[in-house]
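Note that the numbering runs from 1 along the sequence shown for the chain.
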Amino acid sequence: MKRIAKVLLCTVLLLALANATKASADPQEVTITRMSIIAELFENTSVKVTVNAELSIPSNYSGTVRSIIFPIIPIGISMESPSKGISSVKALSQDISAQRISTESFGDAIVINFEKNLKAGTVRNISFSFTLTPTTALAKFDDSYRFAYRFYKPNVTLNYDKSIMEAILPRGAGVTKISQDGALSMDPLSERLVAIWVPFPSPRGGGWDFVIEFKMIDQVAPQQSIPQTGSIQQQNMTGLIFPLVISNAITASITFAASLLLMRRQGKVIPIDIPEEGYDEETLVRVEEALEKLDRDERDVIDIIYRNNGKIEQKDLPELTGFSKSKVSRILKRLDSMGFVRRVSQGKTKIVELNPALNRVLRESSEGAE
């Protein structure tokens with residue numbers, strides 16, 4: 001009897017150990033541990049969205065990860081307005097591809113495919129961008145704009161409390177309303193207002209909502225009163241919101257106007273000599289001074305190229321800027337003659353690249369602002 005009891009006890013212990021091992025081996029969820037979304041708004045109501053995310057595969061995950069799906073436009077919206085949706089999508093990270101697909105619930109979704117399946121224990125950064133067609137997320141009314149964007153839950157777990165959403169407004173915009181937990185800041189690099197949600201607000205249904213209403217400064221009636229508030233980080237209200245920013249914007253406008261007038265009086269700007277490499281501090285100062293003489297449209301083109309890692313296909317610029325192809329071509333010709341950019345032909349495609357010295361000036365200016 002004692003021998004049988006010992007055998008039964010061992011069997012029970014082995015079964016308990018097996019069950020405990022099985023429980024600890026249950027795969028955990030694939031998680032986006034942190035993410036940033038940057039939406040750049042344009043006056044032609046198109047929106048470019050860039051997503052940067054850190055993906056984590058648990059060490060005890062069973063199987064591999066081949067792709068992730070980011071839903072964008074619900075099927076109902078795309079059926080009612082076929083013209084609304086994604087006009088282009090691009091993978092920015094290496095070893096991934098990004099493509100637009102349709103699912104049963106979404107008229108437009110983006111699937112990120114990995115060239116090599118991700119194994120358990122992998123931590124991987126991914127980056128991609130897509131452009132929403134005009135009026136899809138940004139609408140223009142008589143004298144104002146409304147940006148209403150919903151980020152839907154991807155098919156993995158998202159740590160939304162460690163994620164950030166930024167909306168870069170057109171130059172000269174003033175916010176009249178911002179949704180829950182949103183704050184305002186001024187980007188000194190581009191002198192544009194930025195609406196920021198960090199962390200994301202609480203989810204509602206299948207995603208998170210971000211809403212801004214704004215007007216262009218030159219469209220605001222001169223007699224309209226502007227509330228003076230203490231901090232731009234405490235804005236979550238209606239009414240024209242220019243706190244502290246208005247003085248910066250006016251100062252920037254005056255500086256810009258003076259620079260433009262001086263440039264016109266002096267005639268054509270003399271091209272600056274920017275070496276491709278080996279540039280010193282004196283060269284960087286010359287680049288910074290020349291940068292201040294660019295007009296608003298030229299600076300917008302520079303900012304867009306910079307935000308695309310200093311390189312972009314020329315054919316993408318008309319949609320992103322709202323300019324015609326001929327206007328983009330004229331601006332690039334001038335920037336090229338000044339040494340700010342260079343255009344390289346790759347087959348039938350023209351690639352526009354920022355000069356390395358200019359890229360460094362913009363990067364240091366951005367880092368200094370942080």
Report yes if the side chains of Val341 and Ile302 come closer than 4.5 Å at any heavy-atom pair, otherwise no. yes

Looking only at heavy atoms, which two atoms of Phe42 and Leu138 are closest? And how far apart? O-CD2, 3.3 Å

Closest contact, heavy atoms only, Val89 versus Gln99: CG1-CA, 4.0 Å

Show your working on ring pair (Phe, Tyr, Trp, His ring centres under 6.0 Å) between Phe130 and Phe70 and close with a plain yes or no. CA-CA 11 Å; Phe130 58 94; Phe70 290 82; 8.9 Å; no

Given side chains that start at C-beta, do those of Ile212 and Ser179 come closer than 4.5 Å, heavy atoms only? no

Are Phe200 and Ile37 side-chain neighbours, meaning at least one heavy-atom pair lies under 4.5 Å? yes

Is there a path of hydrophobic side-chain contacts, each under 4.5 Å between heavy atoms, that joins Ile196 and Ile38? yes

Answer yes or no: is there a side-chain heavy-atom contact under 4.5 Å between Ile101 and Ile110? no

Going from NZ on Lys48 to OG1 on Thr131, what distance comes out if it is rounded to the nearest 0.5 angstrom? 6.0 Å

Is the side chain of Thr349 donor-acceptor paired with the backbone N or O of Ser345 at a distance under 3.5 Å, no angle test? no

Between Glu40 and Leu169, is a side chain to side chain contact (heavy atoms under 4.5 Å, CB included) present by the stated rule, with each step listed? CA-CA 7 Å; Glu40 190 166 6; Leu169 278 65; over 6 Å; no

Give a yes or no on whether the backbone of Ala139 and the side-chain of Thr45 come within a donor-acceptor separation of less than 3.5 Å. no

Verdict with reasoning, Arg334 to Glu298, per salt bridge (charged side-chain N to carboxylate O under 4.0 Å, His left out): CA-CA 9 Å; Arg334 174 176 162 79; Glu298 292 165 344; 2.4 Å; yes

Grab the two heavy atoms, one from Ser202 and one from Tyr160, that are nearest each other, plus how far apart they are. CA-CE1, 4.4 Å

OG/Ser67 to CZ/Phe114 distance, rounded to the nearest 0.5 angstrom? 8.0 Å

Rounded distance (nearest 0.5 Å) linking atom CD1 of Ile168 with atom OG of Ser185: 11.0 Å

Roughly how far apart are Met35 CE and Ser127 OG, rounded to 0.5 Å? 12.0 Å

In short, Ser83 meets Thr133 closest at the heavy-atom pair O-OG1, 3.0 Å

Is there a continuous path of hydrophobic side-chain contacts, each under 4.5 Å between heavy atoms, that joins Ile96 to Val51? yes

Would you mind listing every salt bridge (charged side-chain N to carboxylate O under 4.0 Å, His left out) that reaches into residues 66-81, with sequence neighbours excluded? none

Roughly how far, to the nearest 0.5 Å, is CZ of Arg100 from CD1 of Ile73? 10.5 Å

Should the pair Trp208 and Phe151 be assigned to parallel (<30°), tilted (30 to 60°) or perpendicular (>60°) ring geometry? tilted

Does this structure show an ion pair linking Arg299 with Asp303, if we count only N-O contacts that are shorter than 4.0 Å? yes

Shortest non-hydrogen contact from Ser93 toward Asn125: OG-O, 4.0 Å

Test Thr33 against Lys162 for side chain to side chain contact (heavy atoms under 4.5 Å, CB included), laying out the working first. CA-CA 7 Å; Thr33 53; Lys162 294 183 180 179; over 6 Å; no

Say whether, by atom type as modelled, one donor and one acceptor occur between the side chain of Asn44 and the main chain of Ser46 under 3.5 angstrom. yes

Any side-chain heavy atom of Leu332 sitting closer than 4.5 Å to one from Leu317? yes

Could you state whether Ile178 and Met216 fall into the same hydrophobic cluster, counting links through intermediate Ile, Leu, Val, Met, Phe, Trp or Tyr residues with side-chain heavy atoms under 4.5 angstrom apart? yes

Below 4.5 Å, heavy atoms only, C-beta onward: do Tyr149 and Val49 meet side chain to side chain? yes

Single-linkage hydrophobic cluster, 4.5 Å side-chain cutoff, Val211 and Met165 together: no

Could you tell me whether Asp95 and Lys116 have a side-chain N and a carboxylate O separated by less than 4.0 Å? no

Please check this pair: side chain of Ser59 against backbone of Gly121, looking for a donor-acceptor N/O pair closer than 3.5 Å. no

Run the side chain to side chain contact (heavy atoms under 4.5 Å, CB included) check on Ile72 and Leu132 step by step: do they pass? CA-CA 10 Å; Ile72 306 295; Leu132 297 171; 4.1 Å; yes

Determine, stepwise, if the pair Leu158 / Thr31 fulfils side chain to side chain contact (heavy atoms under 4.5 Å, CB included). CA-CA 6 Å; Leu158 170 63; Thr31 303; over 6 Å; no

Cluster link Ile126 to Val111, ILVMFWY, side chain under 4.5 Å: no

Is the shortest distance from a Lys or Arg side-chain nitrogen in Asp336 or Arg342 to a carboxylate oxygen in the other one below 4.0 Å? no

Which salt bridge (charged side-chain N to carboxylate O under 4.0 Å, His left out) pairs, counting each pair once, include a residue from residues 308-331, with sequence neighbours left out? Lys90-Asp316, Asp297-Lys327, Lys311-Glu353, Glu313-Lys315

When you compare the side chain of Pro71 with that of Lys153, does any pair of heavy atoms fall below 4.5 Å? no

Within-4.5 Å side-chain heavy-atom neighbours: Lys119 and Ile57: no

Which other residues end up in the same hydrophobic cluster as Phe106, if Ile, Leu, Val, Met, Phe, Trp and Tyr are linked when side-chain heavy atoms come under 4.5 Å apart? Tyr152

Distance, nearest 0.5 Å, that separates OG of Ser36 from CG of Asn52: 4.0 Å

For Ser326 and Ser329, test the side chains for any donor-to-acceptor distance below 3.5 angstrom and give the result as yes or no. no

So which heavy atom on Lys140 is nearest to which on Tyr145, and how close? CE-OH, 3.2 Å

Does Trp197 reach the main-chain N or O of Gln180 with its side chain, forming a donor-acceptor pair under 3.5 Å? yes

